[in-house]
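All remarks here apply to the structure that follows.
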Amino acid sequence: MTTDRLMVLDLLVSVLAAAAWVGAGAAAAARRPRTAAALMAGALVASPARAGSVLALAGAGWWFVQEKVTIALPLLLTASVVAAVTAGPRLLAASRAASEAGRDAARSPAVVVPLLGAGYAAAAGPVQTFLLGYPAEPGSALILLAVVAGAVLLTWRAMTPRVPLLRAATAATAVAALAGGVLTFIPATTAAAATPVAAEAATPGAVALAAAEGGHDMPGHGMSAQASAPVRPVTDLRGPSAPAPGGTVRRFTLTARTATVTLSSGRKVAAWTFDGQVPGPPITAEQGDLVEVRLRNADITEGVTLHWHGYDVPSGEDGVPGLTQEAVPPGGEFVYRFVAAQTGTYWYHTHEVSDIGVRMGLYGMLVVKPRGSATTGVDLTLPVHTFAGTTVVGDHDQPVLQEVAPGTPVRLRLVDTDNTPHRFTLAGTVYRLVAVDGTDLSGPGPLSRAGLRLPAGGRYDLAFAMPSGPVVLRVDDRTEAVRLTTAADGPGNGPGTGDVTDAEDAAAAAGWPELDLTRYGTPASTPYTSRSHFDRRFTLVLDRGLALGDGLPIYAHTINGRAYPHVPTQVVAEGDLVRLTVVNRGRETHPWHLHGHRVLVLARDGRAPTGSPLWLDTFDVRPGEVWEVAFRAANPGLWMNHCHNLSHADLGMMLHLAYEGVTTPFHGGHGG
Ligand code: C2O
Ligand code: CU
């Protein structure tokens, strides 16, 4: 069974156990000893079963069961034993008696209170998992115990005025709650002080220091190395002013402004745009060119920046407000410069209030081709975005139609600019997935009848030679995004002679199995592997839970139980080989994205890729999955490391990766 299924199963068992215990208590209180006994029997099956489901889940890793093994399960099992021992014999006697006296005996506090108490203890498990998440800490555990104890005491008081040791029990409960509150509050405030972009970090130097303290995984390491690392402000880490030999300078000006955009159907949408269009003007270059982009802001009151998604620009050009620059206010401007070193398909987007900004349209494409590569054939860049519930490809809310002569080389560059993954199918032709996130795959084999799941922020390049029949690209098995036809089978001419059935049948395409990227292509050598020596290892456990956000407690998307800006910074030194483990304990997919570096996938759920090496900048960590990736810290700076579901990022799922010695003069703090 997959980890995801085990998580669901365990949740189901825990809810069943809680319901059975509470039901038994309620039935006893309602003077129905038989029903109560039957429900209690069910509870006595479900409660030990929970131990089994937790044990099974533990096989996927300690992260998935930490709070269950340390708190929820001991609490459930203890309360179950107490209830069985105290209420069990009485309830059995009462149900055998089947008399009025028996019915009355069932509703005695000695029966009802332990049964309901076991119910509260059982319910504490799922409550803890959903509300507090990973990891369980002594503070939150104490609060949870106090709540359960308080509920038991209240129930007892409601049933009889004579509760033994009432004062002492109430006092103990209050002390536990208080101690829990103090323990929960204190770590939160110290973490706040360790955040590099806290207001007091405005002085250069303070950031690197604070960041080093935050590097939990390497106690002490950060501080000692700190002394030797030269101090550099991130504002000094800028791009060059000249292209690489043979390259030219490509100048662009992008003006951010609100506009009403007309989609291909004539439908109008209110948008935030670059130059009045959505997507923004494409930025194209050849490898080695110097790209210079002047960003102006006309009227985006929230401010705007440009982040080059997947493009490993110098840190000072990375466009993260409050970290590498201040957001550009209306009337302001900022000039970005970088050498187009990587070829492939990338995109740019605002990083200021990016959750809203990107959704409203502040994004565009960045495509870099090898030097001197003549454009032959058809090359379409196809950013998929959702505007007010409608799937839009580029500015098309209807299929992109194009006539292509048979035999013409076609390249489709798929880009997911949304917060969630999209499933693509290409019908009517055999094709290859030649590049992922801008990097060419090794030995990509022919594909047909496959579903391609593209993570939020990710890119796939598909290539094929135009066949003699129509080719159809669909998104999410419903929206026809692109329809390529040969002159003979053009629109209105009916089906052509190609693999027509595939191209025509959306229902069939919906059933095509999803391509597993970790088994696609052929292996090739990589500069490091999972057996390499790693200088740093970091683990990110993704979950939901109550956490301190930017000022207030929120129901956050958490990283190791914390929400941005209170997640300790990952500190690395230039040259380090870094291993990152990302664990998803939650119910939602998290497209993980590190700025400034491509990561090499070492393993997913413990299994190394058997196909092409995968160099990604965004990888989908689905519920229950564990990803191991690695990167060489070769691009000094201060970087965001975050979930690219930007509404998750907005709810706390971000942190910083800082190179020792790099400081920032900015203190906006929100990171976008
Ligand atoms: Cu595509 Cu931090 O961003
Ligand atoms: Cu997420």
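Whatever order the structure lists ligands and atoms in, that order sets their numbers, starting from 1. Numbering of residues begins at 1 and proceeds along the displayed sequence.
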**Message:** Restricting to N/O/S atoms, is Cys643 within less than 2.8 Å of the Cu ion (ligand 2) or not?
**Reply:** yes
**Request:** Examine all N, O or S atoms of His590, backbone included, and report whether one is under 2.8 Å from the Cu ion (ligand 2).
**Result:** yes
**Message:** Between His597 and His595 (judged by ring centroids, cut-off 6.0 Å), do the two rings come close enough to count as a pair?
**Reply:** no
**Prompt:** Nearest to atom 2 (Cu) of ligand 1, which N, O or S atom of His595 do we find?
**Reply:** NE2
**Prompt:** About how large, to 10 degrees, is the angle ND1 of His309, then atom 1 (Cu) of ligand 1, then NE2 of His349?
**Reply:** 120°
**Message:** Whether the side chain of Tyr460 engages the backbone of Arg453 through a donor-acceptor N/O pair (distance < 3.5 Å, no angle test) should be reported.
**Reply:** yes
**Asked** If atom 2 (Cu) of ligand 1 is the vertex, what is the angle to NE2 of His642 and NE2 of His351, rounded to 10 degrees?
**Response** 120°
**Prompt:** Is any side-chain N of the basic residue among Glu286 and Lys369 closer than 4.0 Å to the acidic one's carboxylate O?
**Reply:** no
**Prompt:** With the threshold set at 4.0 Å, does a side-chain nitrogen-carboxylate oxygen contact exist between Arg359 and Asp418?
**Reply:** no
**Message:** Of all the N, O or S atoms in His648, which has the shortest distance to the Cu ion (ligand 2)?
**Reply:** ND1
**Message:** Walk me through whether Arg585 and Leu542 qualify under side chain to side chain contact (heavy atoms under 4.5 Å, CB included).
**Reply:** CA-CA 6 Å; Arg585 264 182 53 114; Leu542 311 180; over 6 Å; no
**Prompt:** Within His307, is some N, O or S atom less than 2.8 Å away from atom 1 (Cu) of ligand 1?
**Reply:** no
**Request:** Could you pull out the closest heavy-atom pair between Pro281 and Asp275, with the gap in Å?
**Result:** CG-OD2, 3.5 Å
